[in-house]
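Step one of this worksheet: look at the structure below.
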Amino acid sequence: IKPRFSEVLLGGHKQLSLAPRMEVETYGERLFLCSPKLIGQFERGGLLFFYQSETKGAQAIIAVARIVDTFLIRRDELDEDSLRRSVLRIASLSEIGSSKDKAACLFDNLIFMPQPVDLQSLRQFGYQSARLTSAGRVNAEQALKILEKGFSND
């Protein structure tokens, strides 16, 4: 997730802001939207790890949440009201691809990791996906290692 999206969708800014909060920050359940090709990566009740990408980002997994639901949303059914739990708006949907449909992942129980889990650690845990800017699966052992490192005191 790009830093400019994660800062709003996930909240938890390191520096307090005097700017007004976006509506999405007031919800316990939030909506992550992406390419419809990725819907199979999300499983109800599973964990959703947020890897903050780009050079201005942490370049690490910074948070974890529980997946409440996943579904496809048709572009012609989207309106500003249906995007209230998302950081995206109708005008910015094109930033996550040109497809008419979007995969939606509703999540809750968002927890920030005190120790971000970087790419080098993910590789040590056996995660070999070439791209972390797209959804990918980790197995149960890798998830446990990510959680252990992310919540360790060292």
Side-chain angles (χ1 to χ4, degrees), residues 1-15 17 19-113 116-119 121-123 125-143 146-147 150:
I1 189 168
K2 295 179 180 181
R4 65 191 173 99
F5 292 140
S6 70
E7 289 170 357
V8 178
L9 181 64
L10 305 179
H13 305 276
K14 289 185 178 180
Q15 181 175 336
S17 173
R21 295 171 64 181
M22 284 190 65
E23 185 174 6
V24 68
E25 294 178 273
T26 64
Y27 288 104
E29 291 183 345
R30 299 177 188 183
L31 192 62
F32 176 75
L33 297 171
C34 60
S35 166
K37 296 175 187 175
L38 300 175
I39 195 155
Q41 299 295 326
F42 306 111
E43 185 176 321
R44 185 179 297 164
L47 297 178
L48 181 62
F49 291 102
F50 289 95
Y51 181 90
Q52 192 180 56
S53 58
E54 295 187 340
T55 54
K56 293 180 182 176
Q59 294 185 329
I61 292 177
I62 60 168
V64 61
R66 179 180 65 125
I67 299 172
V68 175
D69 199 7
T70 61
F71 48 93
L72 284 176
I73 299 177
R74 290 185 36 198
R75 173 65 179 90
D76 58 355
E77 294 174 352
L78 283 171
D79 58 22
E80 293 298 335
D81 193 50
S82 63
L83 294 173
R84 294 173 87 159
R85 294 176 188 263
S86 170
V87 295
L88 297 171
R89 297 293 165 251
I90 297 295
S92 61
L93 281 173
S94 62
E95 293 185 46
I96 61 167
S98 60
S99 62
K100 293 185 180 184
D101 298 334
K102 300 296 177 199
C105 180
L106 189 65
F107 66 92
D108 68 0
N109 294 328
L110 177 69
I111 303 171
F112 281 87
M113 295 186 177
V117 181
D118 63 13
L119 180 59
S121 296
L122 294 173
R123 296 289 187 235
F125 302 157
Y127 187 78
Q128 298 302 320
S129 176
R131 293 182 47 194
L132 286 170
T133 56
S134 183
R137 285 192 178 264
V138 296
N139 63 38
E141 183 180 329
Q142 292 166 331
I146 291 168
L147 292 170

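Residues take their numbers from the sequence shown, with the count starting at 1.
Annotation: side chain of Tyr51 is not in contact with side chain of Ile62 (no heavy-atom distance under 4.5 Å). Taking the side chain as every heavy atom from C-beta outward, Tyr127 and Ile61 never approach each other to under 4.5 Å. In this structure, the side chains of Leu33 and Leu93 come closer than 4.5 Å at one or more pairs of heavy atoms. Using a 4.5 Å heavy-atom cutoff, the side chains of Leu72 and Lys102 are not in contact. Here the side chains of Gln52 and Gln59 are not in contact, with every heavy-atom distance at 4.5 Å or above. With a 4.5 Å cut-off on side-chain heavy atoms, Met113 and Ile146 count as touching. Looking at Leu48 and Val64, their side chains never come closer than 4.5 Å, going by heavy atoms from C-beta outward.
Partners of Asp69 according to the salt bridge (charged side-chain N to carboxylate O under 4.0 Å, His left out) rule, which considers only residues two or more places apart in sequence or in another chain, are Arg44. With sequence neighbours excluded, the residues satisfying side-chain hydrogen bond (donor to acceptor under 3.5 Å, both in side chains) with Arg66 are Asp108.
Nearest heavy-atom pair, Ala103 versus Ile39, reported as atom, atom and distance to 0.1 Å: CB-CB, 4.0 Å. In terms of heavy atoms, Glu29 sits closest to Arg85 at O-NH1, 3.0 Å. Here the closest non-hydrogen pair linking Glu43 and Arg137 is OE1-NH1, 3.7 Å. Of all non-hydrogen atoms in Ile90 and Leu83, the two that sit nearest each other are N-CD1, 3.5 Å.
The line from CD1 of Ile73 to CG of Asp76 is 11.5 Å long, rounded to the nearest 0.5 Å.
Remark: the backbone N or O of Leu38 is not paired with any side-chain donor or acceptor of Gln41 at under 3.5 angstrom.
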side-chain contact (heavy atoms from CB on, under 4.5 Å) assessment of Phe42 paired with Cys34: CA-CA 11 Å; Phe42 306 111; Cys34 60; 3.6 Å; yes
Check against side-chain contact (heavy atoms from CB on, under 4.5 Å), Leu106 and Thr70: CA-CA 6 Å; Leu106 189 65; Thr70 61; over 6 Å; no
From CA spacing to verdict: ring pair (Phe, Tyr, Trp, His ring centres under 6.0 Å), Phe107, Phe50: CA-CA 11 Å; Phe107 66 92; Phe50 289 95; 5.1 Å; yes
